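For this chain, numbers begin at 1 and follow the sequence in order. As the structure lists them, so they are numbered: ligands from 1, and atoms in each ligand from 1. From a predicted model like this one, the values you see are computed outputs, not experimental measurements.
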Amino acid sequence: MREIKYIVIHCTGAIGNQLTDSIKKYWRDVKGWKSVGYHYLISIDGGYEQLSPIESPTNGVKGYNATSIHICYKGGSGGLDSRTEQQKETLEMLVKQMKAKFPKAEIKGHRDFPDVQKSCPSFDVSDWLKTIKL
Ligand SMILES: [Zn+2]
């Protein structure tokens with residue numbers, strides 16, 4: 001198993017009901033990525049998909065992917081936190097599951113990394129962690 005230093009939270013930055021296939025197509029055809037952007041992708045109804053095994057790095061944060069797990073919710077367009085209650089619940093469940101598996105890992109938002117000029121995940125992760133007691 002690779003070393004996991006970060007559990008990173010993202011948003012797609014697009015409309016919340018975007019289909020996963022169109023997101024994957026964007027990564028493949030526009031970005032030219034061989035792997036997906038995130039390990040987990042959470043839909044507005046709270047359902048989620050695992051797009052990649054944890055063992056494999058994905059493309060969430062340039063320069064940090066080798067040691068990161070990436071979790072993303074659909075939405076967050078325009079820097080606005082559009083998470084539904086169901087998405088918040090699923091996000092909490094996944095983050096807690098990953099933290100239990102990798103206790104030393106730090107939980108961060110994408111924008112909390114150095115030199116990131118993005119609003120992703122469109123909410124303050126450290127504030128949110130306090131509300132879920134992490
Ligand atoms: Zn991101």
Side-chain angles (χ1 to χ4, degrees):
M1 183 64 203
R2 63 197 176 101
E3 185 192 8
I4 300 298
K5 288 187 188 163
Y6 306 104
I7 297 162
V8 191
I9 300 174
H10 299 266
C11 64
T12 55
I15 50 163
N17 58 3
Q18 191 180 12
L19 294 174
T20 300
D21 278 347
S22 93
I23 298 168
K24 283 176 151 177
K25 192 172 156 37
Y26 173 77
W27 291 332
R28 192 181 56 233
D29 299 347
V30 180
K31 295 282 202 176
W33 292 346
K34 287 190 172 64
S35 60
V36 294
Y38 317 108
H39 294 91
Y40 292 99
L41 186 57
I42 304 170
S43 297
I44 49 176
D45 66 0
Y48 71 92
E49 296 161 276
Q50 182 165 5
L51 304 180
S52 170
I54 295 301
E55 287 76 19
S56 309
T58 58
N59 278 312
V61 185
K62 203 176 179 189
Y64 295 88
N65 293 317
T67 53
S68 296
I69 292 170
H70 299 293
I71 304 174
C72 179
Y73 72 93
K74 289 184 180 180
S77 167
L80 296 172
D81 183 4
S82 66
R83 288 176 300 161
T84 62
E85 287 309 310
Q86 293 94 325
Q87 278 179 312
K88 286 181 189 172
E89 279 173 28
T90 303
L91 185 62
E92 176 177 347
M93 185 272 290
L94 287 173
V95 165
K96 286 185 171 171
Q97 208 173 48
M98 292 303 116
K99 183 69 177 165
K101 220 170 178 167
F102 305 101
K104 287 186 206 150
E106 198 183 333
I107 305 162
K108 289 163 83 96
H110 187 174
R111 67 185 185 190
D112 303 327
F113 284 84
D115 304 319
V116 172
Q117 309 295 325
K118 291 180 174 194
S119 54
C120 179
S122 300
F123 70 97
D124 189 309
V125 169
S126 59
D127 282 351
W128 178 67
L129 291 177
K130 284 174 211 148
T131 71
I132 62 165
K133 298 182 171 59
L134 269 179

Checking H70, R111, K118 against H10 for side chain to side chain donor-acceptor pair (under 3.5 Å), the one that qualifies is H70

Can you confirm whether Q97 sits close enough to L94 that some side-chain heavy atom of one is under 4.5 Å from a side-chain heavy atom of the other? yes

Tell me, yes or no, whether the heavy-atom count around F102 atom CZ, taken from other residues, nucleotides or ligands under 6.0 Å, exceeds 12. yes

Around the Zn ion (ligand 1), what protein N, O or S atoms are found below 2.8 Å? H10 ND1, H110 ND1, C120 SG

So salt bridge (charged side-chain N to carboxylate O under 4.0 Å, His left out) across residues 9-30, not counting sequence neighbours, yields K25-D29

For T90 and Q87, indicate whether the former's side chain and the latter's backbone hold a donor-acceptor pair under 3.5 Å. no

Using the six-membered ring of Y64, assess whether NZ or CZ of K5 lies under 6.0 Å from its centre and within 45 degrees of the ring axis. no

